[in-house]
Amino acid sequence: SKDKEAFLKGLEMLQREFHRILEANGLKRIKSVGEKFDPNFFQAEEEVFDDKISKGSIVEEIRSGYTLNDRLLRPALVKVSKGKKKEEV
């Protein structure tokens, strides 16, 4: 049990260092949740109704997106808000 915890802690430290090196060389994760949808950085997978988030804003991130030295590597795959659901009469 103790060896397992130490091994996991070592892996977490290695992962943090790897991410630090990537960021130091220009890799950035695209912030998505709560942002306005921009087709230059996001790929919409689904549109959902959401009473709390305004139309055109990102509700959920399905897959992270990345830029390298301000150039798009992979767009973030997201769910976009359609706004409030209209009541049917």
Side-chain angles (χ1 to χ4, degrees):
S1 172
K2 208 173 191 181
D3 290 337
K4 210 186 271 187
E5 290 174 17
F7 179 73
L8 288 176
K9 187 174 181 180
L11 283 178
E12 289 171 358
M13 291 171 55
L14 183 62
Q15 183 183 26
R16 279 195 303 270
E17 181 65 15
F18 181 66
H19 286 285
R20 187 191 66 73
I21 290 169
L22 289 174
E23 288 174 2
N25 286 290
L27 185 75
K28 293 180 185 171
R29 184 174 177 187
I30 299 170
K31 184 177 181 268
S32 60
V33 177
E35 299 291 319
K36 285 288 184 190
F37 180 78
D38 180 353
N40 295 311
F41 294 100
F42 305 111
Q43 179 180 346
E45 174 71 18
E46 184 177 348
E47 284 187 306
V48 295
F49 289 106
D50 195 309
D51 295 338
K52 298 174 187 167
I53 298 179
S54 64
K55 183 178 180 179
S57 293
I58 296 171
V59 176
E60 182 182 339
E61 180 180 83
I62 299 169
R63 183 185 71 199
S64 299
Y66 296 93
T67 60
L68 180 62
N69 298 321
D70 298 323
R71 294 185 66 197
L72 183 66
L73 279 181
R74 178 175 80 178
L77 190 61
V78 297
K79 291 184 182 180
V80 181
S81 174
K82 290 173 93 173
K84 293 183 181 182
K85 188 173 186 176
K86 293 182 181 178
E87 300 276 334
E88 290 185 26
V89 178

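Only heavy atoms go into these numbers, but all of them, side chains included; no hydrogens, no water, no symmetry mates.
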Closest approach of Ile30 to Phe42 (non-hydrogen atoms, all atoms of both residues): CG2-CE2, 3.7 Å

Measuring from atom CG of Leu22 to atom CG of Leu27, what distance do you get when rounded to the nearest 0.5 angstrom? 5.5 Å

How many angstroms lie between CG in Leu73 and CZ in Arg29, if you round to the nearest 0.5 Å? 14.0 Å

For Ala44 and Val80, work out which heavy atoms get closest and say how close. CB-CG2, 4.0 Å

Can you give me the closest heavy-atom contact between Glu61 and Val33, atom names plus distance? N-CG2, 3.9 Å

Using the rule given for side chain to side chain contact (heavy atoms under 4.5 Å, CB included), can you reason through Lys52 versus Val59, listing the C-alpha separation, both sets of side-chain angles and the distance that settles it, and then say yes or no? CA-CA 10 Å; Lys52 298 174 187 167; Val59 176; over 6 Å; no

Here the gap from Lys28 atom NZ to Glu23 atom CD, rounded to the nearest 0.5 Å, amounts to 9.5 Å

Arg63 and Gln43: side chain to side chain contact (heavy atoms under 4.5 Å, CB included), yes or no, with the steps? CA-CA 10 Å; Arg63 183 185 71 199; Gln43 179 180 346; 4.2 Å; yes

Whether over 12 other heavy atoms sit under 6.0 Å from Tyr66 OH: yes

To the nearest 0.5 Å, how far apart are CG in Leu11 and CZ in Arg16? 11.0 Å

Got a salt bridge between Arg20 and Glu17, using NZ or NE/NH1/NH2 to carboxylate O under 4.0 Å? yes

Of the non-hydrogen atoms in Thr67 and Leu72, which two are nearest, and what is the gap between them? CG2-CA, 4.2 Å

Between Ser57 and Lys36, which heavy-atom pair has the shortest distance, and what is it? OG-NZ, 3.6 Å

Closest approach of Ser32 to Ile58 (non-hydrogen atoms, all atoms of both residues): O-CB, 3.4 Å

Ser54 OG to Lys84 NZ distance, which is reported to the nearest 0.5 Å: 11.0 Å

